[in-house]
Amino acid sequence: MPRESKKARRERAGTIYDLLQEEYPDAHCELDFESPFQLAVATILSAQTTDVRVNETTPELFRRYPDAEALANAQQEDVEEIVRSTGFFRNKAKNIIGFARGLMADHEGEVPRDLHALTELPGVGRKTANVVLGNAFDINEGVVVDTHVKRLSNRMRLTKEDNPVRVERDLVDLFPRERWTMLAHLLIWHGRNVCDARKPLCQKCVVSHLCPSSRV
DNA sequence: ATCCCGAGGG
DNA sequence: CCCTCTGGAT
């Protein structure tokens, strides 16, 4: 089996995208939010946790701390109690308060529409920044690479990299910019519903014929 | 590389 | 019990 050419991989990637979009026409960000600030906070909380669990904690969190000014003045113990069930709760409470204070100090309480400015803020890495830019501002700055995107990209051999930054570099090279945000949603939905981490349901997978890891 | 750290599934 | 869930900081 010869090494797949760049052109062939781009075509395969495009077909995978089309089939997944057909399968998940309503794929979207499943975190509940009403502002860029709320999406950023919810995304920080979503580390190593299901979005369902995040959505259980954020109504109370945003009721008490609806914006950066309120959260910047919060007591850490109060925030810890609200976000406890998301795991890593001490770090997450510290991070979202630090994030709010950073917004107040450097951005007049508003979330910047800039990847570098975002990643300078406490608790915000490249993944979180890409989520905010793509889903709060409709800016296709990069591809969100989370645990699902990394796993599926490797299984489908859209990349051979393990480092998330390198995975993203391969993905932005394979897909046109206007597809970057939706690509992550499609891979995440497929990862949750079919291409499970432990027991992938290759029999139910609409792209199994394009996947080198398929066991069908 | 390691720490943070909760909940649900198999 | 072990693994996984939209990671980031040190």
Side-chain angles (χ1 to χ4, degrees), chain A residues 20 24 26-33 36 38-58 60-61 76-77 79-103 111 115-156 158-159 161-168 171-172 175 179-201:
Chain A
L20 290 180
Y24 311 110
D26 300 319
H28 62 279
C29 178
E30 295 211 278
L31 294 169
D32 296 334
F33 65 97
Q38 292 189 357
L39 176 59
V41 170
T43 306
I44 294 172
L45 293 178
S46 73
Q48 305 298 107
T49 313
T50 61
D51 48 356
V52 172
R53 185 155 302 284
V54 173
N55 290 338
E56 290 169 0
T57 73
T58 46
E60 172 71 3
L61 184 68
Q76 181 163 335
E77 305 80 68
V79 176
E80 285 179 2
E81 189 177 344
I82 298 172
V83 304
R84 168 176 289 269
S85 69
T86 66
F88 300 159
F89 64 90
R90 294 191 188 88
N91 271 339
K92 287 178 180 177
K94 184 171 58 175
N95 281 340
I96 62 178
I97 293 171
F99 171 72
R101 290 180 179 166
L103 290 184
V111 178
L115 188 135
H116 182 256
L118 278 166
T119 52
E120 288 294 302
L121 290 159
V124 180
R126 193 177 176 87
K127 180 260 175 183
T128 299
N130 276 333
V131 169
V132 172
L133 291 173
N135 298 285
F137 297 130
D138 292 317
I139 299 172
N140 282 301
E141 181 71 27
V143 177
V144 171
V145 177
D146 68 344
T147 178
H148 291 296
V149 173
K150 184 153 83 75
R151 181 179 72 254
L152 270 67
S153 297
N154 275 283
R155 282 183 178 166
M156 295 177 182
L158 301 176
T159 182
E161 301 291 348
D162 184 56
N163 180 296
V165 176
R166 293 182 182 171
V167 173
E168 183 178 358
L171 292 177
V172 298
F175 296 86
R179 291 186 162 188
W180 288 352
T181 297
M182 185 56 67
L183 171 66
H185 289 145
L186 294 172
L187 291 178
I188 289 165
W189 280 51
H190 194 55
R192 281 203 305 252
N193 292 315
V194 176
C195 196
D196 181 78
R198 295 194 181 166
K199 200 161 103 54
L201 304 175

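Labels below follow one simple rule: chain letters A, B, ... track the order of the sequence lines, proteins then strands, and each chain is numbered from 1.
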Nucleotide dC5(C), atom C1' - distance to CZ of Phe88(A) in whole Å: 10 Å
Counting just side-chain N and O atoms, does Arg151(A) come under 4.0 Å of either OP1 or OP2 of dT4(C)? no
Contact class for Arg192(A) vs. all strands (heavy atom < 4.0 Å): base, sugar-phosphate, or nothing? base
Does dG8(C) have OP1 or OP2 sitting under 4.0 Å from an N or O in the side chain of Thr128(A)? yes
Under 4.0 Å between a side-chain N/O of His148(A) and OP1 or OP2 of dC5(C), yes or no? yes
Taking all non-hydrogen atoms of both residues into account, name the closest pair between Leu31(A) and Ser46(A) and its distance. CD2-CB, 4.4 Å
What is the distance, rounded to the nearest whole Å, between atom CZ of Phe89(A) and atom P of dG8(C)? 20 Å
For Leu118(A) and dA9(C), what is the distance between atoms CG and P respectively, to the nearest whole Å? 12 Å
Let me know the distance between CZ of Arg198(A) and C1' of dC1(C), rounded to the nearest Å. 10 Å
In residues 46-53 of chain A, what residues come within less than 4.0 Å of DNA chain B, judged by heavy atoms? Gln48(A), Arg53(A)
Hey, where on DNA chain B does chain A first and last touch, going 5' to 3'? Cut-off is any atom under 4.0 Å from a heavy atom. dC4(B) to dG9(B)
Which whole-number value in Å describes the distance from Met182(A) CE to dT6(C) P? 17 Å
Which part of the nucleic acid, if any, lies within contact of Leu121(A), taking any heavy atom under 4.0 Å across all strands shown: a base, the sugar-phosphate backbone alone, or nothing? sugar-phosphate
